[in-house]
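Since the structure is predicted, the reported quantities are computational estimates derived from the model, not experimental observations.
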Amino acid sequence: MRIATWNVNSIRQRMDSLQAWLAERQPDIVCLQEIKCTDEAFPSEALEGLGYNVAVHGQKTFNGVALLSKLPFDEAAPGLIGDDGDVQARFLEAVVSTKTGALRVVSLYLPNGNGGEDKYAYKLNWMDRLAKFSDERLKLEEPLVLAGDYNVIPTPLDAKRPEAWVNDALFLRPTREKFRALINLGLTDAIRAVSDAGDLYTFWDYQAGAFAKNDGIRIDHLLLSPQAADRLLDAGIDRHVRGWDKPSDHVPVYVDLDIAAR
C-alpha cells in the first residue's frame, strides 16, 4: 500500500498537477494540506471519478486538509483533541480496513508559528496536543501513519542552509525538541528510516530561485507507528513535481507499506 502526503497550496490552483501526479504515482491513500477551500468547494466529484473516496475538513481561504482513499472510509473525523475552541482546519483522521486489519491515517497541517509570540505559542500548544493524541492512538497497537506538513525542520541535515533558519519558528530549539518528543513516543520518520542523505528536501520557497539552487528544507513528514514501521518497504520524495508548471512550493512525499489493500 502506498500512502502519500502533499501540501498543494490551493487545490483549485493545483488540480491539474494533482491529477497528473495521481496517475503517475498511483497512491492508495493521499493526505492533502492547504486545500484553501470549504468542504463544498472541494473537487470531490472529479477525484471520485479517479477511483478515490474523499473526506474533507476545509476552511475558506486558509488551511484545510483532505484525505483521498481507494479504500472506503470506516470512519473519518476532523479536529485535533485538546482545544474545543480551535477553529482552524488542520487535522483529519480516518480509518480504513485492509486485509491485515485496520489502518489509521491522519492528514495534518501543523501551524507555521512565525509572526509573533501568540502564533508561536499556538504552534507549541498544537504540538503538545498532537503528542497527546499520538500517545493515545499508539496504545491501540495498530498501523498508524501521521502524514502532513509539520512545519518543522527536524535537524540541520534537513536544510540546505540551516544557518538561515536559526531564528525561524520551523527550526527554533523548542520546536525541534517537541518534534523529538513526538518521535520518542515510538514513531518512525519514514524518510530517515530509508536514507540519511543530506539533500532530501520537500519545500523550496518561490523566491530567489530557491528550487534552481536546491535551497530547500524538509518539513513534510510521514511518521509511522511501530506496527506501520515494521511493514515499511520504501519511502521517497517526488522532487521533480516542483519543476512542473504552476507548482506548489511543497512536493509529494510517499511511503510504501507491506499491507494488502484488498
For this session: Following the transitive rule for hydrophobic clusters with a side-chain heavy-atom cut-off under 4.5 Å over Ile, Leu, Val, Met, Phe, Trp and Tyr, establish whether Val106 and Leu92 coincide in one cluster.
Result: no
For this session: Answer yes when Lys178 and Asp128 have at least one side-chain N-carboxylate O distance shorter than 4.0 Å, and no when they do not.
Result: yes
Exercise. Do Ile3 and Val253 sit in the same hydrophobic cluster, where Ile, Leu, Val, Met, Phe, Trp and Tyr count as joined when their side-chain heavy atoms come under 4.5 Å apart?
Worked result: yes
Problem set entry | Heavy-atom side-chain contact between Ile219 and Thr202 under 4.5 Å | yes
Problem set entry | Pro252 and Val241, any side-chain heavy atoms less than 4.5 Å apart | yes
Seminar exercise, completed: Residues at least two apart in sequence or cross-chain that pass side-chain hydrogen bond (donor to acceptor under 3.5 Å, both in side chains) with Glu24, listed by chain then number, are His240
Problem set entry | Whether Arg90 side chain and Leu108 backbone form a donor-acceptor pair below 3.5 Å | no
All N/O donor-acceptor pairs, side-chain side in residues 162-174, below 3.5 Å, sequence neighbours left out:
residue, atom, partner, partner atom, Å
Asp168, OD1, Asn114, ND2, 3.0
Asp168, OD1, Leu170, N, 2.9
Asp168, OD2, Asn114, ND2, 3.4

Problem set entry | Set of residues satisfying side-chain hydrogen bond (donor to acceptor under 3.5 Å, both in side chains) with respect to Gln26, sequence neighbours excluded | Lys70
For this session: Name all residues meeting the ring-ring contact (aromatic ring centres under 6.0 Å, His included) criterion together with Phe203; count only those two or more places apart in sequence or in a different chain, and write none if there are none.
Result: His250
Problem set entry | Any Pro111 side-chain heavy atom under 4.5 Å of Asn151 side chain | no
Exercise. Looking at side-chain heavy atoms only, is the closest gap between His57 and Ile35 below 4.5 Å?
Worked result: no
Problem set entry | Contact list for residues 235-244, test salt bridge (Lys or Arg N to Asp or Glu O under 4.0 Å), sequence neighbours left out | Arg25-Asp238
Exercise. Are the side chains of Glu177 and Thr175 in touch, meaning some heavy atoms are under 4.5 Å apart?
Worked result: no
Side-chain donor-acceptor pairs of residues 129-136 under 3.5 Å, sequence neighbours excluded:
residue, atom, partner, partner atom, Å
Arg129, NE, Ile81, O, 2.9
Arg129, NH1, Asp86, OD2, 3.0
Arg129, NH2, Leu80, O, 2.9
Arg129, NH2, Asp86, OD2, 3.4
Ser134, OG, Leu130, O, 2.8
Glu136, OE2, Lys139, NZ, 3.2

Problem set entry | Polar contact flag, side-chain donor to acceptor under 3.5 angstrom, Tyr254-Thr5 | no
Problem set entry | Side chain proximity check, Leu146 to Leu144, heavy atoms < 4.5 angstrom | yes
Exercise. Taking only residues two or more places apart in sequence, or in another chain, which ones meet Tyr52 in a ring-ring contact (aromatic ring centres under 6.0 Å, His included)?
Worked result: none
For this session: Could you check if a side-chain atom of Leu232 sits within less than 4.5 angstrom of a side-chain atom of Leu224, using non-hydrogen atoms only?
Result: yes
For this session: Name all pairs fulfilling the salt bridge (Lys or Arg N to Asp or Glu O under 4.0 Å) condition that reach into residues 210-227, sequence neighbours left out, sorted by first residue then second.
Result: Asp158-Arg218, Arg161-Asp215, Asp189-Arg218
Problem set entry | 4.5 Å side-chain heavy-atom contact, Val65 and Pro78 | no
Exercise. Hey, any chance Phe211 and Ile237 share a hydrophobic cluster, counting ILVMFWY side chains that come within less than 4.5 Å of each other, even indirectly?
Worked result: yes
For this session: Find out if a path of hydrophobic residues (ILVMFWY) with successive side-chain heavy-atom gaps under 4.5 Å connects Leu222 to Val95.
Result: no
For this session: Scan for ring-ring contact (aromatic ring centres under 6.0 Å, His included) pairs involving residues 140-161, sequence neighbours excluded, and state none if there are none.
Result: Tyr150-Phe179, Tyr150-His221
Exercise. Does a side chain donor of either Ser10 or Glu34 reach within less than 3.5 Å of an acceptor in the other side chain?
Worked result: no
Problem set entry | With Arg104 via side-chain hydrogen bond (donor to acceptor under 3.5 Å, both in side chains) - residues at least two apart | Glu93, Glu142
For this session: Report yes if the distance between the aromatic ring centroids of Trp21 and Trp6 is under 6.0 Å, otherwise no.
Result: yes
Exercise. Are Leu32 and Met15 co-members of a hydrophobic cluster defined by side-chain heavy atoms under 4.5 Å apart?
Worked result: yes
Problem set entry | All side-chain hydrogen bond (donor to acceptor under 3.5 Å, both in side chains) counterparts of Asp256, not counting sequence neighbours | Arg2
Please table the atom pairs, donor to acceptor, closer than 3.5 Å between any side-chain atom in residues 39-48 and protein atoms at least two apart or in another chain.
residue, atom, partner, partner atom, Å
Asp39, OD1, Gly58, N, 2.6
Glu40, OE1, Thr38, OG1, 3.4

Exercise. Side chains of Asn53 and Ser69: do they bring a donor and an acceptor to under 3.5 Å?
Worked result: no
